[in-house]
Amino acid sequence: MIPDKTLVGKDVYHAAPEVVEGAHVPNFQKYKELYSQSTEKPEEFWGNIAKEFYWKTPRTGKFLDYNFDHTKGKIFIRWMEGATTNICYNLLDRNVHEKNLGDKVAYYWEGNDPEDCMQVTYKELLQQVCKFANVLRAQGVKKGDRISIYMPMIIELVVVMLACVRIGAIHSIVFAGFSADSLCERILDSHCSLLITADGFYRGDKPINLKQIADEAIRKCRERNFSVGKCIVVKHLGVTEATGATDETCTDRASSNTQSPPAKRSCYNLQTTWNADVDIWWHDLMKEASDKCEPEWCDSEDPLFILYTSGSTGKPKGVQHTVGGYLLYTATTFKYVFDYKPDDVYWCTADIGWITGHSYLAYGPLANGATSVMFEGIPTYPNVSRFWEIIDKYKVTTFYTAPTAIRLLMKYGEDPVKKFSRASLKILGTVGEPINPEAWLWYYNVVGNRKCPIMDTFWQTETGGHMMTPLPAAIPLKPGSATFPFFGVVPAILNESGEELEGEAEGYLVFKKPWPSIMRTIYGNYQRFESTYFKKFAGYFVTGDGCKRDKDGYYWITGRIDDMLNVSGHLLSTAEVESALIEHAAVAEAATVSHPHAIKGECLYCFVTLRDGYEFNETLIAELKDQVREKIGPIATPDYIQNAPGLPKTRSGKIMRRILRQIARNEKDLGDTSTLADGTVIEELFNNRCRTA
Ligand code: PRX
């Protein structure tokens, strides 16, 4: 790529000839043409893409029907209503039987330990999925039932999600870093009839006893009068029931039934408690299951999955996606944004427990018949070269990761990267948070050897797929900008009064028209869906992010403008953290704000007002951190907790977080404080500040 300083006084990076050659969208002109078609004639544009997939019956309603304006009636979005299909069929059967990809590797699985690896082909994946779909049916699972999945990054996780899809059940995957409380809350919210988990896993050198956390969640559900029928447990670490004895061979894994080289498994001694009324081993159920399973044909608008994301009120939102639109959009974005070619080896480092893993480790790549790497481990174990080693091992062409991982690895300098050639790399991507230009340039210069364009993809759990993103050959890059809208996406920038701003502008990022994978509701709470995304500005989907447009029309995401914060690319709500803190007996009141962090992007800075009789000391700080970790999970652990005998509030009692943010940053000029009810608290808050990095 060739930096060009002439456009806006900042470097602009143009694609090198080898990136342009054979690209699906070779230049900006072609992007504009396709973009115009996609927004002016969405039916035709998406209709042509839909023809690439299998539909059991054609649609009966309009291709697209929607209302984005709550003043005109109920909000709704429907794509291809009445058409029936099955995503699992499209991802697996179609690739095996129609595209002749049965022997192609679907996943190279790389375990936490480098010697722990295996591969699974499309044919093998189909067999495993059919078997587990039959297991689910035998357990009484029917179309529309919700299934909770709490698993590490192992192939069985993909098997479970696609087995649900095959029989029309709705998966609700809970990231394996969440706590028992968080899992319990999510099980209860969507009334999941079954839980699927694993005995445990290693995160670097730290063992995680997943089964124990799952047991705790089941117990908590029972306390709240909800019974999770059964808990199916994958033996991943190889501990036999009740005794805690290590199973030396670990041969009963799903994948070892396949024709791939037998999986090499690490076996560790991790105690698993067993409740015979509820728990069933995965391998016991799979042994007898048939590998033939007729798919359930679902309506394009039937629910596909629920995925919980933080909400500004503190209660997580069960974002619900549907069958047809999600299939079209994840398949199409994957193809164009990563300029996918059949020989590519693609690696998305995200956990399947997040939307990035759903859309771009499972659905998008499989819909294209792609070969992916699935990685169980972390970037720093056993050493900080792990990513680059894996890239060379599998000859990865397309690498998609988070800015926080890049910033973390940057700290160790260039040597750990340069130990490996990375010669196979063609395209790089980032997701989850704004990428600072310094990290962008390191990724570009060091990791990509100045030849790989970086796709900075802006999107959300709610959008299901990429919204603002470059395309490798077509869109010149500016470090830190997610550049332009993807096909079918119509963004606008609004001011506080809801007026659309033209040209160079900054304001609320909204979308004016539906794209196929827009969420359809919040599970069990349609009203919250309408009010969160459509009420503030009638006629628009509100992202909750701020955005700038520069004079060349490039979009720059400036971050959340609601009470959410983004820690290592994971959204958290300040309210959720505060309510976890308040549950501690010592805390009368709590307020949380975001604080800049060199690696995580943002971290949590919490202010607590104590009840009479409690002392603020190191023990209490440790207890409060534990409390948040236990209630939400390790990702939500506060970096700083400050004693706040008083909090800055408006006369109506609303906490002024803007002021708290400034105190945390030691910014003495607080600007307008006229709405502050009691100014005397400020000095004390400055005096009590935590020493921040
Ligand atoms: O604030 C934006 C930020 O992440 C939020 C969405 O978080 P979540 O639903 O967890 O999904 C993350 C993975 C898609 C957004 O509202 N965000 C995501 N990608 C970017 C980003 N901010 C800036 N640039 C991005 N590329």
Side-chain angles (χ1 to χ4, degrees), residues 173-175 177-178 305-312 316-321 326 329-330 333-334 337 348-361 363-364 400-407 428-437 439-440 443 454-470 475 477-486 489 491 508-511 515 517-519 522 532-533 541-548 554-574 576 594 600-602 633 635-636:
I173 302 183
V174 180
F175 170 57
F178 274 122
F305 66 79
I306 300 165
L307 182 59
Y308 285 86
T309 185
S310 297
S312 51
K317 300 172 289 199
V319 169
Q320 187 170 304
H321 284 286
Y326 185 81
Y329 201 73
T330 52
T333 44
F334 177 82
V337 173
C348 165
T349 65
D351 193 290
I352 288 193
W354 306 106
I355 191 68
T356 305
H358 279 58
S359 300
Y360 298 111
L361 185 51
Y363 291 99
Y400 190 33
T401 195
T404 185
I406 298 164
R407 287 192 297 263
L428 301 174
T430 67
V431 56
E433 51 177 321
I435 179 162
N436 46 315
W440 194 100
Y443 197 29
I454 298 176
M455 303 300 104
D456 174 357
T457 60
F458 165 82
W459 57 295
Q460 307 179 301
T461 305
E462 292 87 338
T463 69
H466 303 144
M467 298 300 282
M468 315 294 292
T469 174
I475 298 180
L477 307 172
K478 296 189 187 188
S481 168
T483 72
F484 290 97
F486 188 73
V489 173
Y508 291 88
L509 176 65
V510 297
F511 296 112
W515 58 100
S517 68
I518 181 176
M519 70 185 288
I522 291 174
T532 309
Y533 304 103
F541 173 91
V542 179
T543 59
D545 282 293
C547 181
K548 263 193 304 215
Y554 279 66
Y555 288 83
W556 302 73
I557 309 300
T558 53
R560 299 295 304 189
I561 38 184
D562 49 13
D563 289 336
M564 307 278 250
L565 34 86
N566 193 323
V567 178
S568 301
H570 304 314
L571 269 195
L572 293 170
S573 88
T574 52
E576 202 178 355
S594 78
K600 298 192 243 184
E602 290 178 10
I635 47 164

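Counting convention: from 1, in listed order, for ligands and their atoms alike. For clarity, every value in this text was computed on a predicted model and none was experimentally measured.
- Shown in contact with Thr461 at under 4.0 Å from a heavy atom are these atoms of ligand 1, numbered in order with element: 8 (P), 9 (O), 10 (O), 11 (O).
- Between Asp456 and ligand 1, at least one N/O pair is under 3.5 Å apart.
- Looking only at protein heavy atoms, the nearest one to atom 16 (O) of ligand 1 is Asp545 OD2, 2.4 Å.
- Remark: side-chain polar atoms of Thr463 are not paired, donor with acceptor, to backbone N or O of Ile518 under 3.5 angstrom.
- Protein heavy atom closest to atom 20 (C) of ligand 1, with residue, atom name and distance, is Glu433 N, 3.5 Å.
- Contacts between Pro434 and ligand 1, counted as non-hydrogen atom pairs separated by less than 4.0 Å, involve both the backbone and the side chain.
- Residue Trp459 approaches ligand 1 through these ligand atoms, each under 4.0 Å from one of its heavy atoms: 6 (C), 14 (C), 15 (C), 18 (C), 19 (N).
- Protein heavy atom at the shortest distance from atom 7 (O) of ligand 1 is Leu571 CG, 3.5 Å.
- Side chain to side chain, Tyr360 and Thr333 meet the donor-acceptor criterion of an N or O pair below 3.5 Å.
- The only member of Glu602, Arg560, Arg407 that meets side-chain contact (heavy atoms from CB on, under 4.5 Å) when paired with Glu433 is Arg407.
- Checking only distances, Thr430 never comes within under 3.5 Å of ligand 1, N or O to N or O.
- For an aromatic pair to be called close, the ring centres must be under 6.0 Å apart, and Tyr363 with Phe334 fails this.
- Distance from atom 13 (C) of ligand 1 to its nearest protein heavy atom, with residue and atom name: Thr356 OG1, 3.4 Å.
- A distance below 6.0 Å separates the ring centres of Tyr326 and Phe305.
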Pair Thr543-Gln460, side-chain contact (heavy atoms from CB on, under 4.5 Å): steps then yes or no: CA-CA 8 Å; Thr543 59; Gln460 307 179 301; 3.7 Å; yes
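- Residue Arg560 has at least one N or O atom closer than 3.5 Å to an N or O atom of ligand 1.
- Atoms of ligand 1 lying under 4.0 Å from at least one heavy atom of Val431, given by number and element, are 13 (C), 14 (C).
- The aromatic ring centroids of Phe484 and Tyr554 lie less than 6.0 Å from each other.
- Proximity to Ile557 (heavy-atom distance under 4.0 Å) selects the following atoms of ligand 1: 22 (N), 23 (C).
- Across Thr349, Thr356, Thr457, a single residue satisfies side-chain hydrogen bond (donor to acceptor under 3.5 Å, both in side chains) together with Tyr400, and that is Thr457.
- At least one side-chain heavy atom of Leu565 sits less than 4.5 Å from a side-chain heavy atom of Thr574.
- In terms of polar-atom proximity, defined here as any N/O pair under 3.5 Å, Gly432 does make such a contact with ligand 1.
- Heavy-atom proximity to Asn566, at under 4.0 Å, picks out these atoms of ligand 1: 3 (C), 4 (O).
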